[in-house]
Amino acid sequence: MQKFRAVKVTDRVYWVGVVDWGLRNFHGYTTHLGSTYNAYLILADKVTLVDTAKVYFKEELMARIASVIDPKRIDYIISNHSEMDHSGSLPWVVEQVKPEKVFASVMGVKTLKEQLHWDVDVVPVKTGDTLDLGNMKVSFIETRMIHWPDSMFSYLEDEGVLFSQDAFSLHLATNRIFADEIDPSLLWREAATYYANILMPYSPLILKLLKQVKEMGLKPKIVATDHGPIWRREEDIARILSLTEKWALQKPTKKAVVVYDTMWGSTELMAKTIADGLREGGATAKVMPMGGSHRSDVATEVLDAGALIAGAPTLNNNLFPSMADILTYLKGLRPQNLIGAAFGSYGWSGESVKQVREALEAMNVEVVGEVKSKYVPTQEVLQECFDMGLKIAQKLNEMCEV
Ligand code: FEO
C-alpha cells in the first residue's frame, strides 16, 4: 500500500503537496480550517519539481513524489517562493534527489541562502526567462512582494498551468484538491480571508501584476496555487482574478466595522449606539467585540468596508491590550480608502481614545469623529455616539456615490 499518493492535475503535471490539517496559526492569522503546502511535479524530459513544503512534512512530500516516479529522477527544482512553508524541505530534498539544477528568482537565490544558511548554487532567473525541459518549457514572471521580495510565477505553457505560489491561494486543508470540488460558500469566503490577511498590504503591486498578466495575454487553463485548492474551471479562474482585482482596489462600501473591547460594558454600550446611528444613516455595521473575535476575522471584514471605528477603554494609562493587538495587526495590513473614528470610556486618566485615534491615523484612516465617556455613558454621550454613527453613514453614502 502506497502511504501517500500524488494527484494528477494534467497529463504531465501531478500535485505532490501535503495537507496540514492541524494548522491553526499562520504568522498571526487564525487558520481555523488548516492549510495545504502544494508542490507539483512536471513529467517532462527534464523532470521538474515546483516548490516543496514545510520541513516537518518532508517525508509526506517525498512519498507523494515516489508514488509517481523515483525521486532521484528529478532533474530540476524550481523555488517560486522562499518562505519556509514552501522551502523548508528544500535542502533535504536536494540532498536526497541530487537534482542537476535548482532555480529561483534573483531575490530568491539571496533569500534561500540567507534564510536557510544553505550553501548550494541556485540559478537565478528573471521575468521573461525560459527554462527548456526538453519536450516542454517553463517561463518565469517575477512577482515581487506577492508575497515576499523573492516571489515569482512559473508558467508551463504546453499544459496551460500557471504555478502562482501564494497568489490566488487560500488556507484550507482538504482532500479534494480542485476548487470546483469544494462548497462554493466556503471556498470564496476563505479566499477573501486569505487575501485580507496575507496579500492586502501589497494591493497596489497586485493591481500592477494583474495588468501585466493581461498585457502578456496569459490565459492559463489551470492556476496551481501553493495553498488550498487548484483552480481549473474557466469561470472559477475568471472569478478569482476579478475578485483579486476588486479586493486590491478596496473601493469603499456602505459598511462600517466597529471593533472594540470593554471592561465594564461602557465602551460596549458606545459601540452599540454607534451601530444604531450607522443604521439610521443607511450603513451596515459589523460590530466586533475583541473578547469574541479574532484579528484575522476583523481583517476580513475590513477588506470590503468603508469605515473602521475603533473603541477602547483605558487600562493603566493605556488602551486596552486586545485593541493594541488588532490595531497593530491592521496597520501592518495597510487597508486603504477608509474613514473612521475613535471612542472609549475611562475612569480618571483617559489616554485610550487619543491612542486609538493615533493608531487609526498611522494607518491612513481619515478620522472624522471621536467620543469619550467618563465612566458609564450619560444620555448626552450616547447621543454623541449615535450622531457620530449617523455622520459616518452619511459620509459613506457620499463616498459611494462618487
Ligand atoms: Fe505560503 Fe508566503 O508563504
Side-chain angles (χ1 to χ4, degrees), residues 15-40 49-58 60-61 77-91 93 102-116 118 122 140-154 162-174 177 179 187 190-206 209 223-231 240 244 247-248 296 299-300 329 332-334:
W15 173 85
V16 289
V18 304
V19 185
D20 189 352
W21 295 97
L23 182 78
R24 291 295 177 269
N25 179 3
F26 192 93
H27 51 55
Y29 161 9
T30 293
T31 46
H32 57 123
L33 297 171
S35 193
T36 66
Y37 314 114
N38 300 333
Y40 301 94
L49 176 67
V50 180
D51 284 327
T52 64
K54 271 187 182 174
V55 69
Y56 327 108
F57 296 98
K58 61 188 183 193
E60 181 175 339
L61 169 78
I77 300 179
I78 296 170
S79 171
N80 273 336
H81 182 19
S82 61
E83 191 164 9
M84 285 198 288
D85 46 337
H86 311 297
S87 71
S89 302
L90 183 59
V93 171
V102 180
F103 300 88
S105 68
V106 175
M107 288 303 290
V109 173
K110 189 171 181 292
T111 314
L112 286 171
K113 289 198 173 184
E114 287 178 357
Q115 181 184 223
L116 302 173
W118 190 42
V122 179
F140 300 105
I141 305 161
E142 289 162 280
T143 61
R144 282 194 178 202
M145 295 317 298
I146 307 164
H147 164 230
W148 272 18
D150 60 277
S151 295
M152 67 175 186
F153 288 173
S154 300
L162 178 70
F163 300 101
S164 68
Q165 43 94 31
D166 280 352
F168 318 120
S169 284
L170 51 139
H171 282 315
L172 175 66
T174 167
I177 71 153
L187 181 75
E190 292 307 318
T193 303
Y194 182 93
Y195 186 92
N197 286 277
I198 299 285
L199 297 175
M200 184 151 62
Y202 315 111
S203 291
L205 291 171
I206 286 169
L209 176 68
V223 176
T225 62
D226 267 3
H227 297 289
I230 296 165
W231 308 98
I240 190 65
T244 301
W247 294 327
S296 7
T300 307
Y329 187 69
L333 294 176
R334 288 181 241 151

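Just follow the structure's listing: the first ligand is 1, and inside any ligand the first atom is 1. The residues of the chain are indexed from 1 along the displayed sequence.
- The salt bridge (charged side-chain N to carboxylate O under 4.0 Å, His left out) test applied to Glu142 returns no partner, not counting sequence neighbours.
- Protein N/O/S atoms closer than 2.8 Å to atom 1 (Fe) of ligand 1, listed by chain and residue number, are Asp85 OD2, His86 NE2, Asp166 OD1, His227 NE2.
- Within a 6.0 Å sphere centred on NZ of Lys113, heavy atoms belonging to other residues, nucleotides or ligands number more than 12.
- Between Thr225 atom OG1 and Leu162 atom CG the span is 10.0 Å, to the nearest 0.5 Å.
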Quiz: residues 163-170 side-chain donor-acceptor pairs under 3.5 angstrom, not counting sequence neighbours:
| unit_1 | atom_1 | unit_2 | atom_2 | d |
| --- | --- | --- | --- | --- |
| Ser164 | OG | Ala167 | O | 2.9 |
| Gln165 | OE1 | Ser151 | OG | 3.4 |
| Gln165 | NE2 | Thr143 | OG1 | 3.2 |
| Gln165 | NE2 | Ile146 | O | 2.8 |
| Asp166 | OD1 | His86 | NE2 | 3.1 |
| Asp166 | OD1 | His227 | NE2 | 3.4 |
| Asp166 | OD2 | His81 | NE2 | 3.1 |
| Asp166 | OD2 | His147 | ND1 | 3.1 |
| Ser169 | OG | Gln165 | O | 3.1 |
| Ser169 | OG | Asp166 | O | 3.0 |
| Ser169 | OG | His227 | N | 3.2 |

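- Here the straight-line distance linking atom CG of Asn80 with atom CG of Asp51 works out to 5.0 Å at 0.5 Å rounding.
- With sequence neighbours excluded, the residues that form a ring pair (Phe, Tyr, Trp, His ring centres under 6.0 Å) with Tyr195 are Trp247.
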